[in-house]
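In the text below, chain A, chain B and the rest are named by the order of the sequence lines, each starting its count at 1.
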Amino acid sequence: MTLDTLKAADAAPLLLDWYDRHHRDLPWRVSPPMAARGAVADPYHVWLSEVMLQQTTVQAVKAYFDKFLRLWPRVEDLAAAETEEVMKAWAGLGYYARARNLKKCAEVVAREHGGRFPDREEGLKSLPGVGDYTAAAIAAIAFNRHSAVLDGNVERVISRLYAIETPLPAAKPEMRRLVSELTPLDRPGDFAQAMMDLGATICAPKRPACALCPFRGNCRALTVADPETFPRKAARKEKPLRLGAAFVAIDRSDAVYLRKRADSGLLGGMTEVPGTDWTARRDGETSIEAGPFAAAWEACGTVTHVFTHFELRLSVYRAEVGDMAACAEGWWEPIASLKAQALPTVMKKAITQAIPHAFKAV
DNA sequence: GAAACGTGGCA
DNA sequence: TTGCCAAGTTT
């Protein structure tokens, strides 16, 4: 078999045979043995897992997937939930626009589609938070549609199979065409999951295990270059440093002053302690006059947090407030219930800096 | 097309 | 320690 003949007729059986023997067992997956016993994929489970898995590791998703199904077993339950409760449950997983869109999408499916997900790519793509990848994945995995699934794993596998020199993301259209050719009419969902499993376990970003790969006899990268150097990518830009201050106020009853962030933008819709803007300014000390109210603010160190496109250094201030200050915009939350709030990781870091035991188990 | 958008793990 | 990377979408 030569590379030029690696079409669906040859690639799919090779890969599906590998998948039948080496697939990963995942909480949201109907594996081949389960399918043999008559199990079918639940579109709600497939959708929920796919959204959680966007730019997020399998390991991180597992606990959240279980929690969401426990809290909201059906899409109608999620549609009926309070958005604030969804944000709380999502806290820590990152990319919070996904949680807002998840809730919106559940409402659309429950109210406009009678609780059933659209069963084709075009319909799925119109849902909030469902883009090219997720629409194709749900169509193939949940509805057995002949959809070509292209994610980061598949891009890596394809770029190596064909030794594609065009850097990402410019190479995506070509990659999509190639995946379409390889995707079989039979078991398209398993083919997609197999490509992703292969990319995650064998055709890994670093030190791929080429000797174990079902495509080892068909991989152009393996013959012409170091497979690890694919896919080609444009160089990354440097992350700027931004500075800011966070103010942790504690009252006599051990409650912390919190407020809600705007619904859009960074950490949109999440909860925070009051703080300054995060600016690129590097001119030294933050003024405690920036605090949410007059108090004996006391510096208690800094925390660093790395976001996708900048690094943040927060100066943390603490004050013990005798009587609850006027707080039209926020509220006082007991320390004991802080861990159940919609606090992003950076805010948990800031609060922990001011109150080391804040998130410790009781 | 480029930039915004989180977090944690690993080498 | 620093950088890379993970089942992308939206604006």
Side-chain angles (χ1 to χ4, degrees), chain A residues 24 26-29 45-65 87 90-102 104-105 124-138 140-142 147-157 167-173 176 179 189 191-201 203-208 228-229 231 233-242 261-270 272 278 304-312 342-349:
Chain A
R24 291 180 291 175
L26 301 172
W28 47 84
R29 170 175 289 175
H45 296 187
V46 173
W47 163 72
L48 180 61
S49 65
E50 290 302 342
V51 172
M52 287 183 167
L53 286 162
Q54 290 166 8
Q55 297 290 284
T56 308
T57 58
V58 164
Q59 186 54 38
V61 165
K62 284 180 178 172
Y64 285 86
F65 179 78
M87 302 312 287
W90 195 277
L93 199 55
Y95 285 136
Y96 298 101
R98 291 185 296 172
R100 298 194 298 276
N101 285 329
L102 191 81
K104 288 182 201 160
C105 182
L124 289 160
K125 183 92 170 1
S126 71
L127 298 171
V130 177
D132 288 336
Y133 161 76
T134 305
I138 298 172
I141 296 170
S147 293
V149 173
L150 184 64
D151 77 326
N153 288 303
V154 180
E155 286 171 1
R156 189 164 54 255
V157 172
L168 286 170
K172 282 186 77 167
R176 196 179 310 282
V179 183
F191 180 84
Q193 295 179 91
M195 287 288 276
M196 294 190 280
D197 274 21
L198 187 71
T201 64
C203 197
K206 304 294 180 189
R207 302 188 52 159
E228 189 174 305
T229 63
K233 292 184 181 179
R236 294 205 174 188
K237 292 170 62 175
E238 254 185 73
K239 275 186 184 158
L241 175 66
R242 296 192 194 175
R261 292 176 65 87
D263 280 325
S264 61
L266 188 68
L267 308 177
M270 299 297 282
E272 67 174 3
W278 300 340
T304 294
H305 191 76
V306 181
F307 291 96
T308 305
H309 55 294
F310 67 92
E311 179 179 338
L312 175 67
L343 289 164
T345 297
V346 62
M347 291 301 156
K348 290 185 177 176
K349 285 186 186 177

A:Tyr95 meets the ring-ring contact (aromatic ring centres under 6.0 Å, His included) criterion, sequence neighbours left out, with none
Go through the structure and list residues passing side-chain contact (heavy atoms from CB on, under 4.5 Å) with [X], not counting sequence neighbours.
| X | answer |
| --- | --- |
| A:Glu228 | A:Lys206, A:Arg207, A:Pro208, A:Asp226 |
| A:Lys233 | A:Leu168, A:Pro231 |
| A:Glu238 | none |
| A:Pro27 | A:Lys62, A:Phe65, A:Asp66 |

Its 5'-most and 3'-most nucleotides having an atom under 4.0 Å from a non-hydrogen atom of chain A, DNA chain C is contacted over C:dC5 to C:dT10
Taken in chain and number order and not counting sequence neighbours, the residues that satisfy side-chain hydrogen bond (donor to acceptor under 3.5 Å, both in side chains) with A:His305 are A:Lys349
By side-chain hydrogen bond (donor to acceptor under 3.5 Å, both in side chains), A:Asp151 pairs with (sequence neighbours left out) A:Asn153
Identify every side-chain donor-acceptor pair in residues 128-136 of chain A under 3.5 Å, counting partners at least two apart or on other chains, and give the distances.
unit_1, atom_1, unit_2, atom_2, d
A:Asp132, OD1, A:Lys125, NZ, 3.4
A:Tyr133, OH, A:Glu50, OE1, 2.5
A:Thr134, OG1, A:Gln54, NE2, 3.0

Residue pairs meeting salt bridge (Lys or Arg N to Asp or Glu O under 4.0 Å), one or both in residues 261-270 of chain A, sequence neighbours left out, come to A:Lys260-A:Asp263, A:Arg261-A:Glu272
Mind checking [X] for me? I need base, sugar-phosphate or nothing, with any heavy atom below 4.0 Å counting as a touch.
| X | answer |
| --- | --- |
| A:Arg100 | nothing |
| A:Val51 | nothing |
| A:Trp28 | base |
| A:Ser49 | nothing |

Might you list the N or O atoms of the protein lying below 3.5 Å from N or O atoms in nucleotides 9-11 of chain B, with each pair's distance?
none

For nucleotides 3-7 of chain B, list the nitrogen or oxygen atoms of the protein found under 3.5 Å from its nitrogen or oxygen atoms, one pair per line.
unit_1, atom_1, unit_2, atom_2, d
B:dA3, OP1, A:Lys237, NZ, 3.2
B:dC5, OP1, A:Leu266, N, 3.2
B:dC5, OP2, A:His309, NE2, 2.8
B:dG6, OP1, A:Tyr96, N, 2.7
B:dG6, OP2, A:Leu267, N, 2.5
B:dG6, O4', A:Tyr95, N, 3.0
B:dG6, N7, A:Tyr95, OH, 3.4
B:dG6, N7, A:Thr308, OG1, 2.4
B:dG6, O6, A:Tyr95, OH, 3.1
B:dG6, N1, A:Gln55, O, 3.0
B:dG6, N2, A:Gln55, O, 3.2
B:dG6, N2, A:Thr56, OG1, 3.1
B:dT7, OP1, A:Tyr96, OH, 2.7
B:dT7, OP1, A:Thr345, N, 2.7
B:dT7, OP2, A:His305, NE2, 2.7
B:dT7, O3', A:Thr345, OG1, 3.3

Atom P, compared across C:dA7 and B:dA11: separation rounded to whole Å: 16 Å
